[in-house]
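Notes follow once the structure below has been shown.
When a residue number appears, it is its place in the shown sequence, counting from 1. As the structure is a computational prediction, the values presented were derived from the model and not from experiment. Side-chain atoms are counted along with the backbone in the values below, which use heavy atoms only and exclude waters and symmetry mates.
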Amino acid sequence: MLVRFVGFGLGAATLTTVAAASDNTNADVLISPLDVSSFMAEPVTPLSTLVKDKDDMKVKMEMLIMKIQADFCRALENEEDPSTTFFVDRWTRAEGGGGVTCVIQNGKTFEKAGVNVSVVHGILPVDAVRQMKARGKELIGKELPFFAAGISSVIHPSNPHVPTVHFNYRYFEVTQENGEKMWWFGGGTDLTPYYLVEEDVRHFHSTLKKACDQHDAGYYPKFKKWCDEYFLVSHRNECRGVGGIFFDDFEMHSQEDCFKFVKSCAESVVPSYVPLVKKHKNDPYTSAERDWQLLRRGRYVEFNLVYDRGTKFGLYTPGARIESILMSLPVYAKWEYMHSPSDGTPEAKLTEILKNPKEWI
């Protein structure tokens, strides 16, 4: 079943709230409109709250990730068979909040494409608190009210010559026992090709650098290095892909400045990746190249299940929605005992880069 909400019965292209004010019931106050008509589904937060709290960072982040989800999904649909569109699954969480999961499965261009938005709140469990403290967050209290909003996407293309892309951008708020509120952003975008085309990787990194440079020339080299280190499959001694940018606990400037940086990064996903899909989606490939793609996907699975912080946080959160948390896993993957590509092959060339990350620009 395909679910698509357009306008949500609110008329035209925007959400507006007209609220009676003062004693004059005919005196209406027009709140600035919020454009929600293009979203893949109705936002998680009630529309009246979105309008009332439109300047709150929680609302700003939800509006941003809903828009990024819609923009990315429609850009991907443009590269698919016209009969293939995203299945839209809007879900709620008994403990607070919910999300919108959009998935294409077994399409012509995308074997699996998942773009998930979650906006959740509640009480942070002890295991999740422990995870955050391990990353330097000293939180006061055992069970803490929290809010988390994020978008996470992994695209597994059908053609081995089209890379996989992952991106995730998120915002957290935690209220401690003493009433102090802590907040931070995190996220990143990274590329996992199955066959190395250096021109494509340079395009990808250049687009991310351009987004970073709008805010600080030091961000790209810092977050590129962080990405190489984070997406390391330690038990294989190789990176998951050819990197990109990654950052966490981002709170070094004002909340608004941090948000603007995250917005630039999120808006760079379509121009960094979709041109690579257009370029390679119709490339011919062999059964051997398909086998290699499936083997590399196996390594992708290993990272996501063993190391990924987002997966761990999701699994530790009460009321976790497993289908959305594990959306990143491919439909098909493969493992072979002691597999190693032959010297001098394109597969060996990629493996060398994964074991020794390089500067692309």
Under a 3.5 Å distance rule, please check whether [X] uses its side chain to pair with a backbone N or O of [Y] as donor and acceptor.
X    : Y    : answer
S158 : E111 : yes
T351 : E347 : yes
K112 : L329 : yes
S153 : G114 : yes
D248 : F250 : no
S342 : T345 : no
E62  : T45  : yes
R93  : H121 : yes
T164 : I155 : yes
R74  : S38  : yes

Under the ring pair (Phe, Tyr, Trp, His ring centres under 6.0 Å) test, residues paired with F147 that sit two or more places apart: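 By the ring pair (Phe, Tyr, Trp, His ring centres under 6.0 Å) rule, F147 matches no residue at all.
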
- request: Please identify each residue that fulfils ring pair (Phe, Tyr, Trp, His ring centres under 6.0 Å) with F72, with sequence neighbours left out.
  value: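 F72: ring pair (Phe, Tyr, Trp, His ring centres under 6.0 Å) contacts with F167.
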
- prompt: Same hydrophobic cluster for V115 and V103, using side-chain heavy-atom links shorter than 4.5 Å among ILVMFWY?
  reply: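 Different clusters.
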
field: Same apolar cluster (I L V M F W Y, side chains within < 4.5 Å links), Y194/Y285
entry: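 No, Y194 does not connect to Y285 through the hydrophobic network.
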
What are the two closest non-hydrogen atoms of [X] and [Y], and how far apart are they?
X    : Y    : result
P163 : Y273 : O-OH, 2.7 Å
Q69  : C102 : NE2-SG, 3.5 Å
E289 : P284 : OE1-O, 4.2 Å
L354 : V242 : CD2-N, 4.4 Å
S206 : I361 : OG-CG2, 3.2 Å
L196 : I353 : CD2-CG1, 3.6 Å

- request: Could you pull out all residues at least two apart from S83 that satisfy side-chain contact (heavy atoms from CB on, under 4.5 Å)?
  value: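 If we apply the side-chain contact (heavy atoms from CB on, under 4.5 Å) test to S83, skipping adjacent residues, the hits are D81.
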
Within the 6.0 Å centroid threshold, strictly below: F172 and W184: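 Yes, the ring centres sit under 6.0 Å apart.
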
- prompt: Does the gap between the ring centers of F231 and F303 come in under 6.0 Å?
  reply: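 That pair passes the under 6.0 Å test.
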
Check the orientation of [X] and [Y]. Use parallel for under 30°, tilted for 30 to 60°, and perpendicular for over 60°.
X    : Y    : result
H161 : Y195 : tilted
F259 : F185 : tilted
W226 : F246 : perpendicular
F247 : F261 : tilted

With [X], which residues qualify under side-chain hydrogen bond (donor to acceptor under 3.5 Å, both in side chains), at least two apart?
X    : result
H253 : Y219
E302 : H235, R236, W335
D190 : H166, R240
W183 : none

- prompt: Given M63 and L50, is the side chain to side chain contact (heavy atoms under 4.5 Å, CB included) satisfied, shown in steps?
  reply: CA-CA 9 Å; M63 293 294 289; L50 292 176; 4.2 Å; yes

Are the side chains of [Y] and [X] in contact, using a 4.5 Å heavy-atom criterion?
X    : Y    : value
T84  : I104 : yes
K281 : N159 : no
H205 : E359 : no
R170 : N168 : yes

For [X], which residues count as a salt bridge (charged side-chain N to carboxylate O under 4.0 Å, His left out) partner, sequence neighbours excluded?
X    : value
E336 : K334
K108 : none
E173 : K58, K181

Face-on cation placement of R290 at W292 ring, 6.0 Å and 45° thresholds: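 Relative to the ring axis of W292, which defines the angle, R290 lies outside at least one limit.
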
Flag if over 12 foreign heavy atoms under 6.0 Å of [atom1], [X]:
X    : atom1 : value
K358 : NZ    : yes
K355 : NZ    : yes
K263 : NZ    : no
K60  : NZ    : yes
E323 : CD    : no
D343 : CG    : no

query: Would T101 and N116 count as a side chain to side chain donor-acceptor pair (under 3.5 Å) if you check the C-alpha gap in whole Å, the side-chain angles of each, and the deciding distance to 0.1 Å?
result: CA-CA 4 Å; T101 298; N116 185 57; 2.4 Å; yes

- prompt: Tracing side-chain links under 4.5 Å among I, L, V, M, F, W and Y, which residues wind up in one group with V331?
  reply: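 Its cluster mates, by chain and number, are L294, Y332.
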
- request: With sequence neighbours excluded, give me every salt bridge (Lys or Arg N to Asp or Glu O under 4.0 Å) pair touching residues 144-167.
  value: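 Listed once each, the pairs would be none.
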
- request: Taking atom types as modelled, find out whether H280 and D200 have a side-chain donor-acceptor pair closer than 3.5 angstrom.
  value: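 The criterion, which ignores hydrogens and geometry beyond distance, is satisfied for D200 and H280.
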
